[in-house]
Structure formats: structure tokens, C-alpha cells
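Below is one structure, written out as C-alpha cells; comments come after it.
The chains referred to below are lettered A, B, ... by the order of the sequence lines, with proteins before strands, and numbering in each begins at 1.
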Amino acid sequence: MSNYNPEMIEKKWQDIWEENGTFYASDEKSKPKYYALIEFPYPSGKGLHVGHPRPYTALDIVARKRRMQGYNVLYPIGWDAFGLPTENYAIKNKIHPKEVTKKNVAKFKSQLKSLGLSFDWSREVNTTDPEYFKWTQWIFLKLYEKGLAYKKTTSINWCVDCKIGLANEEVVNGKCERCGGEVVKKDKNQWMLKITDYAEKLINDLDLVDYIERVKIQQKNWIGRSEGMEVNFNITEDKKIKVFTTRPDTLFGATYMVIAPEHPLINELSDKIKNMDELEGYKEKANKKSDFERTELVKEKTGVEIKGIKATNPVNGKEVPIYISDYVLMSYGTGAIMAVPGHDTRDWEFANKFDLPIIEVVKGGDIEKEAFTDIDNGVMVNSDFLNGLKVEEAKKKISDWLEEKGLGERKINYKLRDWVFSRQRYWGEPIPLVYCEDCGWVKVPEEELPLELPEVESYEPTDNGESPLANITEWVNTTCPKCGKDAKRETDTMPQWAGSSWYFLRYTDPHNDEEFASKENLKYWLPIDWYNGGMEHTTLHLLYSRFWHKFLYDYDIVPTKEPYQKRTSHGMILGENNEKMSKSRGNVVNPDEIIEDFGADTMRVYEMFIGDFEKSVPWSQNGVKGCRRFLDRVWRLKDSIVDGDKYSKDLESNMHKTIKKVSEDFENLKFNTAIASLMELVNNFNSKGEVNKKEFKTFLTLLNPVAPHITEELWTSLDLGGMLNEQSWPEWDEDKTVDNEIEIPIQVNGKVRGKLKVSVEADKEEIKEKVMNDENINNYLDGKNIVKEIYVPGKIYNIVVK
RNA sequence: GCCGAAGUGGUGGAAUUGGCAGACGCGCCGGACUCAAAAUCCGGUGAGGUUUACCCCUCGUGUGGGUUCGAGUCCCACCUUCGGCACCA
């Protein structure tokens, strides 16, 4: 063994680990378990990206460390392989998506294996495998049984020229990404999942888990709980508009109403409304906008008054006009609002534009200039029996009053909307339902699952908005499982989110063909101890999978309320030019090349050393070189090894401090500073000119989770005893990590003017005496009065003078 | 627009969570080795000032204000960048 040559050693160790099954998790349940999880990748045609290994290496470090600490570790991997890009690629190149997926998975797999990650490959899952999606369909049927799946008309993006439904991502500036043609909304009857039933639990149970704070906040805000009143505004004898408001206290200031352009009331009252054409025209325009274009605050407010009808304000009986405007969304609340221009910014702008009355009902601002929205410091005015009350008091009083009179009721509203579960695509799990003229929707019997996709030549979309499956009549036409008559299969498929909403459960028992995982295995392995993934999955994937898990918990199928005990997040890796890596920008770095040129261990060290794990960071080829140099130095240390079964005196404290720092940093996403302290330790070995066996063994063990190949190779070739991965994690002695003499800065008026070596236990008097003898300090005290002296033991000594 | 996060040397970042700003790495400069280069090793490296030199001084963490003996860290306002916005995954 001469020079450090990763090519020679990395493949060798990967093969040894694989042959020995070193990283297989055991279902024998005697040891304490640890379940570490990364978001399983979507095997795209582009292959692995340098961004992928960042989270994988991070949790690989945790997994390897935990094994050394005596845990039975489950660190699994799989493929989230259904999805749009594969289907589109397949259509374009006339290859079956199954084949495309197979090829992509093979590529990803070989790339991941070359990184030396300690995944348990025996538990690999693939969402497109019928043995897997059998259980995805099974869970859907459970949701359906419990009434959580229902059909509803919603709108999809429809390209008029291609005659196909488009994903939001395929709509660019209102045009079709493929052909540039016009995109309109088209109504479609779709399967929905009632995630809103779980809104309250999804918020409250965040208290049970250890997620990084910003993830919790994003989840809470996405669910968007707000408490308020539903209030009825009468229009005619039998028609009324229901509004949701969090500010019932301002009811006396409601001077008009706005309803969403799609509100059903418009058609219901079409015989009374005098300007239907105008309203239809406005609705058509609004339909072309996305929800967030519609709710932008800065844009000019638009709207049309509904002529021929008026609403009555229930608190004072006054008649108010009704408008339609696109800033009111049918999907939030009741699709209608009472407008209080004095105290809501959007209403104020609207009222100004349409010259509607603005009444002040909360005193404290200047409603001539802007809406007054500060609810903490306002007192009610112009509000009859609410006058003089504070906002909070008024809210309560008016709510009681409205409930008493039957004019409204207290209501909790969520921003969260039900989950649109249908896709008009081929490459997804078929929804296992059959429609029978007599029996309605009927479940495909469980014993017939998996309901597989038909093998066909063409899986291109139809031109009427139906899924490609609708064209395959021999698949669609079936018999009703209930009555045996002719019936038709549902042709929509499930969204990609379905398979990823429960994959972590399957890992606990991936080859079980009786149930989706055995109770014993679920009980042993759950909850996931640490789940790391991208910030971009904070709202959707995380919420959807928590929802499914909670549903399964309620029906006693899984043993824990929450799937993930701890959730952290990593930042993106950008190109050298600080922009997102993409083919079109020409800044993509291929991990294969890095491994070829520098080795997998260098790649791993660099990915962890590159910067703050939680922030996005640009790639740097020079940085990679630096990490290779570090490993070269580690390799050369073998020539400086001397005997010794104890830490040497001069390095003892350093060793204990490093063990502590590395151990703690690995737990706190601070891989970069852990590596920095290992680098410092190597620098210390080198400046001393030697390292003893005990020190080197500890060092190799600490570095092993980050750079497993080089450390294993050094360990065995130096014959340090067995294999490194079988060793236990080093311990540190807290007493030996504290210095008894330290240097503290001496400040005058907060500026450092000198330093002093003192014992840790030194008291104020002792330091003061030394301080007063310091020449430089005295220069600053000369001719001034000492006002105050502050001593923070171990930290600082500050003298305040005047 | 709404929700969330981040701005520190030439550069990626560090800072015991209110206590010496710039650890560690990269780059750059100088030196050693070499016929020479690469590799490696040693030293220097925030800006400005002062000094033969050691030293020492002023400024400095996106901008403007504030709290404090003391602010990269806390508070207020603003600017810029990034993630998400429900059919990309």
C-alpha cells in the first residue's frame, strides 16, 4: 500500500459490505432500533445529480454512527417511479414507461452504489411494482370505505390544440408548454380525498413531534386554521348568501358583498339578475387566471356589480349591493365575503375604485387614507350595541347575538382544501373502482388486487379529457363485482403522491404478500426516528403522508399517531455560478465524474463540508480538491504511527474535545464543523510529527461515517483489530474537555484592550488586580472614572469608564 | 401577492446562542524541495493607518434606526436573493 488510490479500495469495500450483508437491518427485535429515512428519489432519465447525495450522505453518517452505538439500524431506499416526466418521455420516444423506469432505476442504482451508502438494499421498494401498488390501492379502498374518497367537479388545465389535460407546470404564462396554444379551464368530475377531516389533528399533533420550527410553521400556515362566524345575508325570501368572516365585530361596517364569479347563486337567481351576459364575460376572464394571480394584492381590483338583486345586512337591515370579483375564491370559505372597506385592505381598494361607502366602525386609524386593520388597539364606533367595546369583546358579543337570533354560527375554517386525487394519465396506479349503472361505484374486490395497468401499444392521452385508459375498451369494460352486470372501470389514475404517502411503512416488511406490513414489524420499527428531506416537500408530501398515516392509525392499522418523530431539511446544491443546476444553464455536475476523478470518499467529505447543511450552496471544484487533499493527508498518517494504547498527554484534551464535537455535530446537522475539527486534529498530528495507535484508531472511527472506504482500508491494512464497522463509537470524558486555564479578553467600554490568562475558577478580585497592572489597559483608564465593572466568568471582563 | 428562510473577507463558510468577528477549506502572495514543473511541506493573507520591529489604533457581518457595559446574534423599518403556493417531484 503506497499512495492513496480510491479506485483500488472503494469497489473492494462495497463488495465486502454487500457480500456480508453488513448494513441489512434485522427483524429480530432484541436490540434497540433506529429508523433513518431519506426521501426516496424519482428515477429521472437524467441520472443522479450532485444534489441527491447530500441528504443521503448526511443520514448515512447518522446510520453508521448509530450502528457503532449498538442500534439495529434501518436505512432503506426505493423508487418513487410513477410520474409525468417518465410518461412524457415514453410517449415522445415510443418506449413503454415500464421500460423507461427500469432503465432509469438501473442507472440510479449503480450510481448510488458507487457512493458507498449503507442502504439496506434487500428492502428496496418501487412504487410502480404491482406487488407494491397493490397496497397503495388497498389503502385507497380503505379510504373509500370510510367515506374519505368522493367525487367532485373541479377544473383542470386543458390545452385546446393538443386536446389534453395539462399539469400546472406545463402551463407557462397561460400557454401550453408543448405547443404554445391556449389553455383553458375545463370541468372534470374527479376523485377527492377528504384531508380536511384531518385538519385539526394535523395541526394539533405537530406538538407530538420534533420537526425543525420552520417546517412546523409552514405546515400550520398551509392548513390555515381560523376561527370566525358564518353569517347569513338574505337576498330574497328563500335565497341567502352565507359568508365566513373572522371579523364579525365589523358587521356594521359591511357596505357591500363580493362573491366568487363561479358562485352557484348567480345561476340560481338568473331570472332576477339583469346583467347575466356581463357576469358570464367576467367569469370567463377570471377562469383563465390562477388562484394566486387572482389574489395578488398589488394588482388593480376588478369586478362587476350584480344588477337586480341586493343583500340585507343582518345587523341593521340595510340593503347592500353584491359584486363578483376574482379576488374572492370559490375554494376558500363559502366563496362569498362581506366587505368591510374601513378595516380590510383589499375591500378598501375595491371600494375606492367602485366608489362604495366606507364606514369607520373601529376607531384608531384614518380610513380616509387606508384601511385600519390593527385589532389590538381599536374601540368600536358606529356599531349600535357594540359601541365602546374593544375589538375582542365586540367579537364575542356579536357572535353570541348572531347565534341567539339564528343569523349565524361560530365556525372554524381552514385554508386547506381537499386533495384532488384523480389524474388523466396512464403512468399511475389505476383507481380500483368500477361503475355499475345499477349499483353505482363498486370496489374492486381485495383479492383481485393489484389491479394492473393494461399492456398496450399506445398510452397517449385521449382528445376528450379522459385518461388514456379510457381508450382501452377491453380493460374498461368489465362486470360489476356486486351484481355481475356489465360495468365500466374508473379510468383515472392516482397522483404520484399516493405511492410516496406510505412507502416508509412498506420498508418495515417489504416482502410480505399477506398484508402491507406485519403488525409486529410496524410496532418495532415505527415511528421513523429521523426523516430528512427537501424544504420543497414541506407542505404537500409531508402533509399527505401524515394524513394517510393518521387515517391508518384511526383504523388500528399502524401503531403510531405520527409517522415521523423528527424532520429536518437540507439546502439545494447550486451550480458553480450560483444558479440552480440545469442542462439549459450548462452548470450540471455529474457525480460519476467526481467519483472517477477523486473517489467516493472525497465526494462524501465534500458534500458534507461544502457549507451549512440547511442552506443552499454553490458547487466548487476547488473545494472538492481540498477535501481530496485532506484524505491524502489522512492516508499519509500511516507513516507517522507510533505505539501507544492511551492518548498522549499533549493530545488528550484535544482528543476528548474532538470526540465530543464530532459526536454532537453529527446529531445536529453540523457536518461541516465536525469535518473541520477532524481536519484540525490531523493538522495537530502533523505538527507533532507523530500519532499513536490509540489516537489513530479513535480518529479513524470518527471519520468512518463520512469516509467509510479509506478508513476501513487503513484499519484493516494496519491490522488494528477486526473490521472498523464492527467497532463501537468512541466516548469522551467531559472533565477532559474543559481547560483549567483560559485566556479572557479585557474590555474598556466594550472594546477589547487586552487579554489575560486566568484559571477558570479565578474570581473578580483576582482578575481586577492583574487588570490594573496592565499597561495598555491603564492607558485607557487614565484620567477617567470607573463607573462599573462586569465580569462574566470564563467569558469577559469589561470596565465601563466616563 | 401570500407563507417560510437567508444576507459575514477575493471565495464556501465558522462564531460556545448577547461576550476576542473571520475556525476549517479554497484562492492568492512569499519561501523550501527540484535543472525545471507538478505534487508536497513551511509562512502570510478583512480594509485602512502607524512603527526599524514587537506592538498599537480606526473602520468592518445587506441598508437605516433602536435596546445594552457589550449586538453578526435582540427589537423596528427597508432592500436583495432563495423555497412553496395544491396536476413537477
Gap between atoms CH2 and P, on A/Trp79 and B/A89 respectively (whole Å): 17 Å

Looking at every strand, decide which applies to A/Ile790 at a 4.0 Å heavy-atom threshold: base, sugar-phosphate, or nothing. base

In whole Å, measure the gap between the C1' atoms of B/G19 and B/G25 for me. 27 Å

Any idea which of B/C87, B/A14, B/G19 is nearest the A/Asp612 side chain? B/A14

Side chain to side chain donor-acceptor pair (under 3.5 Å) filter on A/Lys216, not counting sequence neighbours, yields none

Students often get this wrong, so: under 4.0 angstrom with heavy atoms, is A/Tyr42 touching a base, only sugar-phosphate, or nothing? sugar-phosphate

Can you find a side chain N or O atom of A/Arg417 that sits less than 4.0 Å from OP1 or OP2 on B/A86? no

Could you measure the distance from the CG atom of A/Asn221 to the CZ atom of A/Arg214? Nearest 0.5 Å is fine. 14.0 Å

By nearest heavy atom, map A/Ile796 and A/Ile217 onto RNA chain B; which one lands nearer the 5' end? A/Ile217

Within the modelled atom types, does a donor on one side and an acceptor on the other bring the side chain of A/Gln190 and the base of B/C87 under 3.5 Å apart? yes

Keeping to residues at least two apart or across chains, list the salt bridge (Lys or Arg N to Asp or Glu O under 4.0 Å) pairs with something in residues 736-747 of chain A. A/Glu652-A/Lys736, A/Lys657-A/Asp739, A/Asp733-A/Lys736

At 4.0 Å (heavy atoms only), tell me whether A/Ser422 reaches a base, stays on the sugar-phosphate, or touches nothing. base

A/Glu743 near the nucleic acid: base, sugar-phosphate alone, or nothing, with a heavy-atom cut-off under 4.0 Å? base

So, is A/Arg753 close to the B/C57 phosphate, meaning a side-chain N or O under 4.0 Å from OP1 or OP2? yes

Quick one: is the NZ or CZ of A/Arg346 closer than 6.0 Å to the six-membered ring centre of A/Tyr327, and within 45° of its axis? no

Using atom C1' in both nucleotides, what's the gap between B/U63 and B/G72 to the nearest angstrom? 15 Å

So A/Leu416, base contact, sugar-phosphate only, or nothing? Heavy-atom distance under 4.0 Å. base

Classify A/Ile675 by what it touches in the nucleic acid, base, sugar-phosphate, or nothing, heavy-atom distance under 4.0 Å. nothing

Salt bridge (Lys or Arg N to Asp or Glu O under 4.0 Å) pairs touching residues 744-754 of chain A, sequence neighbours excluded, are none

According to side chain to side chain donor-acceptor pair (under 3.5 Å), who are the partners of A/Trp79, at least two apart in sequence or on a separate chain? A/Glu124

Closest approach of A/Val50 and A/Val589, non-hydrogen atoms and distance? CG1-O, 3.5 Å

Please work out whether B/U17 sits syn or anti, treating a glycosidic angle within 90° of 0 as syn. syn

Side chain to side chain donor-acceptor pair (under 3.5 Å) filter on A/Asp418, not counting sequence neighbours, yields A/Tyr150, A/Thr196

Within the pair A/Lys580 and B/C88, is there a side-chain N or O less than 4.0 Å away from OP1 or OP2? no

Mind checking whether A/Trp419 and A/Tyr544 have parallel, tilted or perpendicular rings, split at 30° and 60°? parallel

Nearest whole angstrom, please: distance from the P of B/G4 to the CD of A/Glu536. 18 Å

How long is the line joining NZ of A/Lys660 and P of B/U16, in whole Å? 13 Å

On RNA chain B, compare the nucleotides closest to A/Lys751 and A/Thr539; which residue's is nearer the 5' end? A/Lys751

Heavy-atom protein contacts under 4.0 Å, nucleotides 73-78 of chain B, coded B base, S sugar-phosphate only, - none: ------

Under the ring pair (Phe, Tyr, Trp, His ring centres under 6.0 Å) rule, collect the residues that match up with A/His49, sequence neighbours excluded. none

Can you measure A/Asn168 atom CG to B/A86 atom P for me and round it to whole angstrom units? 5 Å

Contact under 4.0 Å: A/Tyr791 side-chain N or O vs B/C69 OP1/OP2: no

Ring centre gap for A/Trp191 and A/Phe421 strictly below 6.0 Å: no

What is the distance, rounded to the nearest whole Å, between atom CD of A/Gln747 and atom P of B/C69? 13 Å

Does B/G83 have its OP1 or OP2 closer than 4.0 Å to a side-chain nitrogen or oxygen of A/Arg214? no

Under 4.0 angstrom between A/Lys670 side-chain N/O and B/C24 OP1 or OP2: no

A/Leu678 CG to B/A14 C1': how many Å, rounded? 15 Å

May I ask you to say what A/His537 touches in the nucleic acid, namely base, sugar-phosphate or nothing, with a heavy-atom cut-off under 4.0 Å? base

Against the side chain of A/Met572, the closest entry in B/A15, B/G83, B/A86 is B/G83

Are A/Asn221 and B/G4 close enough that a side-chain N or O sits under 4.0 Å from OP1 or OP2? yes

Considering only heavy side-chain atoms of A/Asn157, the closest of B/C87, B/A89, B/A23 is B/C87

Ring geometry between A/Trp497 and A/His541 (parallel below 30°, tilted from 30 to 60°, perpendicular above 60°): parallel

Among the candidates B/C24, B/G83, B/G19, find the nucleotide nearest to the side-chain atoms of A/Gln218. B/G83

Can you list everything that forms a side chain to side chain donor-acceptor pair (under 3.5 Å) with A/Gln218? Sequence neighbours excluded, please. none

Return the set of residues passing side chain to side chain contact (heavy atoms under 4.5 Å, CB included) with A/Lys615 (not counting sequence neighbours), or none when no residue passes. A/Asp612

Sorted by number, residues from residues 615-624 of chain A placing a heavy atom under 4.0 Å from RNA chain B are A/Lys615, A/Ser616, A/Val617, A/Asn622

Check every atom of B/C24, B/G84, B/C88 against the side chain of A/Met679 and return the nucleotide holding the closest atom. B/C24

Tell me what A/Asp632 touches on the nucleic acid: a base, only sugar-phosphate, or nothing, going by heavy atoms under 4.0 Å. nothing

How are the rings of A/Phe613 and A/Phe671 set to each other: parallel, tilted or perpendicular (split at 30° and 60°)? perpendicular

May I ask you to verify whether the side chain of A/Lys788 and the base of B/C69 hold a donor-acceptor pair under 3.5 Å? no

Verify the contact: side-chain N or O of A/Asn686 to OP1 or OP2 of B/C41, cut-off strictly under 4.0 Å; return yes or no. no

Please give, in whole Å, the distance from B/A89 P to A/His570 NE2? 17 Å

Dot-bracket encoding per residue of RNA chain B, Watson-Crick/G-U cut-off under 3.5 Å, | denoting interstrand: (((((((..(((......[....)))((((((.......))))))((((......))))..(((((..]....))))))))))))....

Strictly below 4.0 Å: does A/Arg629 bring a side-chain N or O up to OP1 or OP2 of B/C26? yes

Atom-to-atom span, NZ of A/Lys755 to P of B/G19 - whole angstrom: 16 Å

Residues 661-671 of chain A vs salt bridge (Lys or Arg N to Asp or Glu O under 4.0 Å), sequence neighbours excluded, gives A/Lys65-A/Glu667, A/Arg66-A/Glu667, A/Lys661-A/Asp665

Hey, does A/Gln424 reach any base, or is it just sugar-phosphate, or nothing, if we go heavy atoms under 4.0 Å? base

